[in-house]
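Working notes, structure below.
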Amino acid sequence: MMLYYDRDADDYRNAPGVQTRVSDFGSTSTLRYLDPTLKLLTGYVDTLASTLETVGYEEGHSLFGAPYDFRYGLAAPGHPSQVGSAYLDRLRLLVESACAANGGRPAILLAHSLGGLYALQLLARAPAPWRDAHVKRLVTLSAAWGGSVQVMLTFASGNTLGVPFVNASLIRAEQRSSESNLWLLPTPKVFGNTTLVVSERHNRTYSAKNVTQFLQDIGFAEGVEPYRARTRPLGEALPEPGVPVTCLVGTGVDTVESLVFGEEGFDAGPVKVVYGDGDGTVNLASLVGPIKAWSDSPAQVIEVVELPKVSHTGILKDKSALEQILRIVDSINLNATSTSQ
C-alpha cells in the first residue's frame with residue numbers, strides 16, 4: 001500500500017480513491033497477531049498482553065491497545081501531519097478515558113519500536129500538568145530513538161525482512177513511500193560522520209550527515225524534501241518525556257552497521273554487510289545513545305535495562321523482558337496501593 005507525498009499540501013496521502021482504517025482502536029485485539037488466521041506464525045503482542053492479564057489486567061478496563069497505520073509518521077513543528085496528528089489526539093483521549101475508568105490513576109504507557117517515538121511525541125507535545133495527571137511512566141521496548149542503519153538498506157535496494165520468496169526490488173517502491181521509514185533513517189545526532197554506506201559505483205561514502213545525497217543517488221530524489229523538512233528535525237532534538245522512563249533494549253544480536261554496494265549499483269543489493277551490536281534491527285547506539293542526555297537532567301528519571309541476546313521482536317516474548325515489565329508494573333501498582341491506604 002503506497003503512500004504519496006503531496007508537495008502542495010506538504011503531507012502524505014493514500015493513492016486517490018484508496019481509503020484505509022485501523023480497526024479496534026483501544027483494544028489489543030488487532031495487535032496480538034499480525035494475521036489472526038495464522039496465530040502460530042504471526043504472534044506480535046499476544047504473549048505480552050496475556051502475561052499482563054495473568055497479573056490482573058483486564059482487556060477494555062485496565063488494558064488497552066493503540067494500533068496505528070505504521071506507514072505514516074509525524075512531522076516537525078510547522079508542517080502538517082493529518083494522519084499522525086489525528087493518531088496522537090486519539091491516543092491522548094484513550095489515555096484520559098483509561099485513567100477515568102480506573103479512579104483517576106495515571107496510566108503506564110508501554111510502547112514497542114516506532115511506538116516509542118510516537119509516545120515520546122505525545123508526551124513532549126502535552127503540557128506538564130496533563131503528563132503529571134495521566135502518565136505514571138513510559139516503558140519502551142526496542143525504541144529506535146536515533147534510527148537504524150538497516151533502513152538505509154530498505155531505501156537502497158529493498159528489504160524482505162526475512163520473508164522467503166519475496167523479491168526485495170519489487171517491494172522497494174512501497175517501502176520508500178512510507179513516511180515512517182524516512183523517520184527511521186539514522187540521525188546525525190547518534191551516528192555523526194561514521195560511514196554507514198559505501199557506493200563503489202558512485203565513488204562516494206554516506207553518513208547520517210549526508211542522507212540527502214544518499215537519497216538522490218539511489219534514485220529517490222522525491223524523498224529529499226520531506227526528509228529534510230519534516231522528519232529529520234524530529235530526530236535532531238529528542239525532547240525529554242517529562243515522565244519517568246524505563247527503556248528495555250536487546251543487545252548482542254548481529255545488527256547491520258555498514259553496507260557496501262558494488263559497481264552494479266544499489267539495485268543489485270550490497271556486496272558486503274558489516275554487523276555490529278544491537279537487537280538485530282536497531283543499532284545499540286540508537287537504542288541507548290540519545291536517552292543518555294536525558295539522564296543529565298535532574299528532573300528526568302531514566303532507567304535503561306539491557307537484555308543480552310534479545311532481538312527486536314523477541315523482546316515481546318522473551319522471559320527476561322516480560323519479567324522486567326512485570327517488575328515495573330508491580331512496583332507502580334504496589335506504590336499506588338500503599339499511597340491510597
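Values reported hereafter were calculated over all heavy atoms of this structure, with side chains retained and with hydrogens, waters and symmetry mates removed. As the structure is a computational prediction, the values presented were derived from the model and not from experiment.
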Checklist line | Closest heavy-atom pair and its distance - Asp10, Pro80 | finding: O-CG, 3.2 Å

Item checked: Separation of Leu185 CG from Leu215 CG (nearest 0.5 Å) -> 6.0 Å

Margin query: If you define the side chain from C-beta out and look only at heavy atoms, does anything of Phe220 sit under 4.5 Å from Phe155?
Written below: yes

Check: Is there a donor-acceptor pair closer than 3.5 Å between any side-chain N or O of Ser157 and the backbone N or O of Asp267?
Finding: no

Next item on the list: Spell out, as yes or no, whether a donor-acceptor pair under 3.5 Å connects the side chain of Thr54 to the backbone of Thr51.
Entry: yes

Notebook entry, point to check: Any side-chain donor-acceptor pair under 3.5 Å between Tyr206 and Asp217?
Noted result: yes

Next item on the list: Using a 4.5 Å cut-off on heavy atoms from C-beta on, say whether the side chain of Thr28 contacts that of Leu63.
Entry: yes

Notebook entry, point to check: Above 12 or not: heavy atoms from other molecules or residues under 6.0 Å from CD of Glu264?
Noted result: no

Margin query: For the backbone of Ala9 and the side chain of Asp6, can you confirm whether one donor and one acceptor N or O come within less than 3.5 Å of each other?
Written below: yes

Checklist line | Any side-chain donor near an acceptor of the partner, Asn333 and Tyr57, under 3.5 Å | finding: yes

Margin query: Please determine whether residues Ile315 and Val253 belong to a single hydrophobic cluster, defined as Ile, Leu, Val, Met, Phe, Trp and Tyr linked transitively by side-chain heavy-atom distances below 4.5 Å.
Written below: no

Check: Does the salt bridge (Lys or Arg N to Asp or Glu O under 4.0 Å) test come out yes or no for Glu59 and Arg32, once each step is laid out?
Finding: CA-CA 12 Å; Glu59 177 75 39; Arg32 293 187 181 239; 3.5 Å; yes

Next item on the list: Return yes if some donor-acceptor pair links the side-chain N/O of Glu174 with the main-chain N/O of Met1 below 3.5 Å, else return no.
Entry: yes

Notebook entry, point to check: So if you build clusters from Ile, Leu, Val, Met, Phe, Trp, Tyr with side-chain heavy-atom gaps below 4.5 Å, do Val304 and Leu138 land together?
Noted result: yes

Check: Do side-chain atoms of Thr194 reach the backbone of Phe191 as a donor and acceptor pair under 3.5 angstrom?
Finding: yes

Note to self: Keeping Ser148 on the side-chain end and Thr281 on the backbone end, is there a donor-acceptor pair under 3.5 Å?
What the structure shows: yes

Next item on the list: Compute the ring centroids of Tyr72 and Trp183, then answer whether they are less than 6.0 Å apart.
Entry: no

Item checked: Single-linkage hydrophobic cluster, 4.5 Å side-chain cutoff, Phe70 and Leu31 together -> no

Item checked: Step-by-step side chain to side chain contact (heavy atoms under 4.5 Å, CB included) determination, Leu307 to Thr251 -> CA-CA 6 Å; Leu307 303 168; Thr251 64; over 6 Å; no

Next item on the list: Would you tell me whether Arg137 and Thr246 have side-chain atoms, one donor and one acceptor, within less than 3.5 Å of each other?
Entry: yes

Next item on the list: Can you measure from CG (Leu52) to OG1 (Thr47) and round to the nearest 0.5 angstrom?
Entry: 11.0 Å

Notebook entry, point to check: With the threshold set at 4.0 Å, does a side-chain nitrogen-carboxylate oxygen contact exist between Asp46 and Lys317?
Noted result: no

Next item on the list: Take Thr195 and Ser207 through the side chain to side chain contact (heavy atoms under 4.5 Å, CB included) test and state the conclusion after the steps.
Entry: CA-CA 5 Å; Thr195 296; Ser207 71; 5.8 Å; no

Checklist line | Charged tip of Arg201 within 45° of Phe266 ring normal and under 6.0 Å | finding: no

Checklist line | Shortest non-hydrogen separation from Leu316 to Leu141 and the atoms involved | finding: CD2-CD1, 3.7 Å

Next item on the list: Consider only side-chain N and O atoms of Asp69 and Tyr87, and report whether a donor and an acceptor are under 3.5 Å apart.
Entry: no

Notebook entry, point to check: For the atom pair CZ (Phe64) and CG (Leu94), what is the distance rounded to the nearest 0.5 Å?
Noted result: 6.5 Å

Next item on the list: Start with the C-alpha gap between Lys272 and Phe261, add the side-chain angles, then the distance that decides, and say whether side chain to side chain contact (heavy atoms under 4.5 Å, CB included) holds.
Entry: CA-CA 7 Å; Lys272 181 180 179 181; Phe261 293 85; over 6 Å; no

Check: If you group Ile, Leu, Val, Met, Phe, Trp and Tyr by side-chain heavy-atom gaps below 4.5 Å, do Leu88 and Trp130 land in one group?
Finding: yes

Notebook entry, point to check: Under 4.5 Å between any side-chain heavy atoms of Val271 and Glu263, yes or no?
Noted result: no

Check: Between the side chain of Gln300 and the main-chain N/O of Gly242, is any donor-acceptor distance below 3.5 Å?
Finding: yes

Next item on the list: State plainly whether the residues Arg176 and Glu222 are in salt-bridge range, i.e. N to O under 4.0 Å.
Entry: no

Item checked: 4.5 Å side-chain heavy-atom contact, Tyr275 and Glu257 -> no

Notebook entry, point to check: Nearest 0.5 Å, what's the CD-CG distance between Glu240 and Leu123?
Noted result: 12.0 Å

Next item on the list: Starting from the C-alpha separation in whole Å, work towards a yes-or-no answer on side-chain hydrogen bond (donor to acceptor under 3.5 Å, both in side chains) for Asn14 and Arg71.
Entry: CA-CA 10 Å; Asn14 276 316; Arg71 301 172 302 161; 2.9 Å; yes

Checklist line | Tyr118 ring center within less than 6.0 Å of Tyr68 ring center | finding: yes

Next item on the list: Taking the side chain as every heavy atom from C-beta outward, state whether Asn283 and Asp277 have any atom pair closer than 4.5 Å.
Entry: no

Checklist line | Atom pair CG (Leu114) and OG (Ser142), whose distance is rounded to the nearest 0.5 Å | finding: 12.5 Å

Margin query: Over 60° means perpendicular and under 30° means parallel, so tell me whether His112 and His312 are parallel, tilted or perpendicular.
Written below: tilted

Notebook entry, point to check: Taking side chain as C-beta onward, heavy atoms only, is Arg204 less than 4.5 Å from Gln213?
Noted result: yes

Check: With distance as the sole test, does Lys136 use its side chain to make a donor-acceptor pair with the main-chain N or O of Ala107 at under 3.5 Å?
Finding: no

Item checked: Nearest heavy atoms of Ser286 and Gly147, plus distance in Å -> OG-O, 2.8 Å

Notebook entry, point to check: Taking the side chain from Trp294 and the backbone from Leu238, do they hold a donor-acceptor pair closer than 3.5 Å?
Noted result: yes

Item checked: Closest contact, heavy atoms only, Ala124 versus Arg131 -> O-NH1, 4.4 Å

Next item on the list: Please check if the side chain of Ser331 supplies one atom and the backbone of Arg327 the other of a donor-acceptor pair under 3.5 Å.
Entry: no

Note to self: Distance check, rounded to the nearest 0.5 Å: Leu109 atom CG versus Thr140 atom OG1?
What the structure shows: 11.0 Å

Check: Do you know which two heavy atoms are closest between Arg228 and Pro233, and how far apart they sit?
Finding: O-CD, 3.5 Å

Next item on the list: May I ask whether Leu248 and Leu117 are part of the same hydrophobic cluster, defined by side-chain heavy atoms of I, L, V, M, F, W, Y residues being less than 4.5 angstrom apart, directly or through others?
Entry: no

Notebook entry, point to check: Does the side chain of Gln150 come under 3.5 Å of the side chain of Thr255 through a donor N or O and an acceptor N or O?
Noted result: no

Item checked: Gln175/Met2 under side chain to side chain contact (heavy atoms under 4.5 Å, CB included): CA gap, chis, key distance, verdict -> CA-CA 8 Å; Gln175 292 176 325; Met2 300 257 311; over 6 Å; no

Margin query: Could you walk me through whether Asp24 and Ser29 satisfy the side-chain hydrogen bond (donor to acceptor under 3.5 Å, both in side chains) test, starting with their C-alpha distance in whole Å, then the side-chain angles of each, then the deciding distance to 0.1 Å, before giving a yes or no?
Written below: CA-CA 7 Å; Asp24 291 336; Ser29 61; 3.0 Å; yes

Check: Can you check whether His134 reaches Cys99 side chain to side chain, under 4.5 Å on heavy atoms?
Finding: yes

Next item on the list: Answer whether the closest heavy-atom distance between the side chains of Arg125 and Pro239 falls below 4.5 Å.
Entry: no

Check: Is Asn167 atom CG crowded by more than 12 heavy atoms from other residues, nucleotides or ligands, each under 6.0 Å away?
Finding: yes

Checklist line | Heavy-atom closest pair, residues Val149 and Ser258 | finding: CG1-N, 4.3 Å

